[in-house]
Amino acid sequence: MATKPFLKDDDLSQAAKKLRAPAHAPSGDIHQDMPGSEFSRELQSRLLARLSSHPSWTRTGAIALGSWSRDELSPKSDIDLLFTGDEAEVLKLVTDF
């Protein structure tokens with residue numbers, strides 16, 4: 001479990017507004033537009049916006065892994081990233097967050 005939240009309270013409340021219960025979902029009907037997936041995509045968008053605003057982001061060569069890569073990100077998710085870029089730039093990024 002993550003020990004440091006990646007979302008600010010406002011981020012979470014704005015993302016939660018997009019979470020809607022379906023009026024009717026047939027039994028066993030699992031598809032990408034389910035509310036949970038929409039919520040996850042909103043969280044991903046907000047996280048990416050925060051990370052990509054950092055000057056070192058593009059030079060870190062980050063690759064999303066885990067729940068982020070599976071579109072299963074939740075407020076309690078760990079943020080698993082594989083960095084393939086410059087080590088000094090990665091250090092700047094992770095130190096600032």
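Note that the structure is a prediction, hence the values are computed from the model and not measured. These numbers come from the heavy atoms of this one structure, side chains and all, not from hydrogens, waters or symmetry mates.
Atom OG1 of residue T95 and atom NE2 of residue H54 lie 8.0 Å apart, to the nearest 0.5 angstrom. Distance check: R59 CZ to L93 CG gives 10.5 Å after rounding to the nearest 0.5 Å. The distance from the CG atom of D71 to the CG atom of L43 is 11.0 Å, given to the nearest 0.5 Å. The CG atom of D80 sits 6.0 Å away from atom CG of L65, with the distance rounded to the nearest 0.5 Å. Considering CG of L91 and CG of D86, their distance stands at 10.0 Å, rounded to 0.5 Å. In this structure, W57 CH2 and D96 CG are separated by 13.5 Å, a value rounded to the nearest 0.5 Å.
Using a cut-off of 4.0 Å between Lys/Arg side-chain N and Asp/Glu carboxylate O, K92 and E89 are scored as salt-bridged.
Residues F39 and L73 form no side-chain contact, since every pair of their non-hydrogen atoms from C-beta on lies 4.5 Å or further apart. With a 4.5 Å cut-off on side-chain heavy atoms, L81 and I79 count as touching.
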Kindly determine whether F83 and V94 satisfy side-chain contact (heavy atoms from CB on, under 4.5 Å), including the steps that lead there. CA-CA 11 Å; F83 294 106; V94 297; 4.1 Å; yes
Residues L48, W68; criterion side-chain contact (heavy atoms from CB on, under 4.5 Å); working and verdict: CA-CA 10 Å; L48 184 57; W68 189 354; 4.3 Å; yes
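Among all heavy-atom pairs drawn from A64 and S69, the shortest one is O-CB, 3.5 Å.
Looking only at atom types and distance, the side chain of S40 has no donor-acceptor partner in the side chain of S37 under 3.5 Å away.
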